[in-house]
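Below you'll find the structure, written out as structure tokens, and then a few comments.
We number each residue from 1, following the sequence as shown.
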Amino acid sequence: MSEENIKILLVNKKARFNFFIEDSIECGIELQGTEVKSMRENRFSFGDSYARIKDGELYLEGFHISPYPFGNLHNHEPERERKLLAHKEEIRKLRRKVEEKGFTLVPIKFYLKNGLIKLELGICRGKKLYDKRETIKQRDLERAAE
């Protein structure tokens with residue numbers, strides 16, 4: 001087997017703080033040419049983005065990719081909904097979890113894998129305020145122990 005070349009582009013630290021991440025899956029993204037170039041230069045943000053299932057397909061919303069500086073008239077629209085690429089069975093599993101148990105689909109990290117841009121999509125449940133306080137307390141205790 002060949003070794004996978006993985007380069008992490010960006011990690012959503014806010015998602016780990018605001019949500020309990022129950023499970024995650026790897027998805028591809030359907031991108032246009034200038035979007036790929038902008039993402040390779042880390043010119044994107046996904047703090048408030050989420051995924052939803054529409055007509056049996058996954059879509060990423062609230063995801064901003066800045067226009068490529070040398071893209072001229074062939075540049076992309078910065079905030080459009082982008083299709084995520086996953087197997088039908090994975091999408092069915094995600095739909096069951098989201099509808100029954102009240103989970104949310106949140107992007108956790110974006111990375112390059114063998115030259116292709118992938119994202120790790122987390123199946124998350126929101127934290128309450130007291131859960132966030134507990135997380136901060138645990139982090140402070142670990143820091144003090146070191």
Carboxylate-amine/guanidinium proximity below 4.0 Å for Arg52 and Glu61: yes

Are Phe103 and Ile25 connected in the hydrophobic side-chain network, where two residues link if heavy atoms are under 4.5 Å apart? yes

Check this for me: Asp23, atom CG, are more than 12 non-hydrogen atoms of other residues, nucleotides or ligands nearer than 6.0 Å? yes

Val36 and Phe63: same hydrophobic cluster, using ILVMFWY side-chain contacts below 4.5 Å? yes

Using atom types as modelled and distance alone, determine if a side-chain donor or acceptor of Glu100 lies under 3.5 Å from a backbone N or O of Lys97. no

Between Leu58 and Ala51, which heavy-atom pair has the shortest distance, and what is it? CD2-CB, 4.4 Å

Between Lys128 and Asp131, does any side-chain N to carboxylate O distance fall below 4.0 Å? no

Determine whether the side chains of Lys132 and Asn18 contain a donor N or O and an acceptor N or O closer than 3.5 Å. yes

Just say parallel, tilted or perpendicular for the rings of Phe46 and Phe110, cut-offs at 30° and 60°. perpendicular

Would a distance-only check, ignoring hydrogens and angles, find a side-chain to backbone donor-acceptor pair under 3.5 Å from Ser38 to Ser66? yes

So that I can tick it off, tell me whether Lys113 and Glu26 are bridged by a salt bridge, with the cut-off set at under 4.0 angstrom between side-chain N and carboxylate O. yes

Heavy atoms only: give me the nearest Cys124-Val106 pair and the separation to one decimal. SG-CB, 4.0 Å

Closest heavy-atom pair, Arg80 versus Arg82, reported as atoms and distance to 0.1 Å, is O-NH1, 2.8 Å

Using the six-membered ring wherever Trp is involved, compare the ring planes of Phe70 and Tyr68 and label them parallel, tilted or perpendicular (cut-offs 30° and 60°). perpendicular

Kindly give the heavy-atom pair with the smallest separation between Leu9 and Met39, and that separation in Å. CD1-O, 3.9 Å

Take atom NZ of Lys137 as the centre, draw a 6.0 Å sphere, and report whether it contains more than 12 heavy atoms from other residues, nucleotides or ligands. no

Should Leu10 and Leu121 be counted in the same cluster of Ile, Leu, Val, Met, Phe, Trp and Tyr side chains packed under 4.5 Å apart? yes

Can any side-chain N or O of Asn12 pair as donor or acceptor with the backbone N or O of Pro107 at less than 3.5 Å? yes

Just wondering, more than 12 heavy atoms not from Lys93 lying within 6.0 Å of its NZ? no

Closest approach of Ile91 to Glu57 (non-hydrogen atoms, all atoms of both residues): CD1-CA, 4.3 Å

Out of curiosity, does Ile117 fall in the hydrophobic cluster containing Leu84 (side-chain heavy atoms, cut-off under 4.5 Å, transitive links)? yes

Determine whether a donor-acceptor pair (N or O, by modelled atom type, separation under 3.5 Å) exists between the side chain of Asn5 and the backbone of Asn114. no

For Glu142 and Gln138, which I'm curious about, is there any donor-acceptor pair between the side chains at under 3.5 Å? no

Under a 4.0 Å N-O cut-off, is there an ion pair linking Glu89 with Arg92? yes

May I ask you to decide whether Glu41 forms a salt bridge with Lys37, counting only side-chain N to carboxylate O separations under 4.0 Å? no

Under a single-linkage definition using a 4.5 Å side-chain heavy-atom cutoff for Ile, Leu, Val, Met, Phe, Trp and Tyr, are Val98 and Tyr59 assigned to the same hydrophobic cluster? no

Please determine if Lys118 forms a cation-pi arrangement with Tyr111, meaning its NZ or CZ atom is less than 6.0 Å from the six-membered ring centre and no more than 45° off the ring axis. no

Please find the pair of heavy atoms, one from Gly115 and one from Arg40, that lie closest to each other, and give the distance. O-NH2, 2.9 Å

For Arg125, give me all partners under salt bridge (Lys or Arg N to Asp or Glu O under 4.0 Å), at least two apart in sequence or on another chain. Glu22

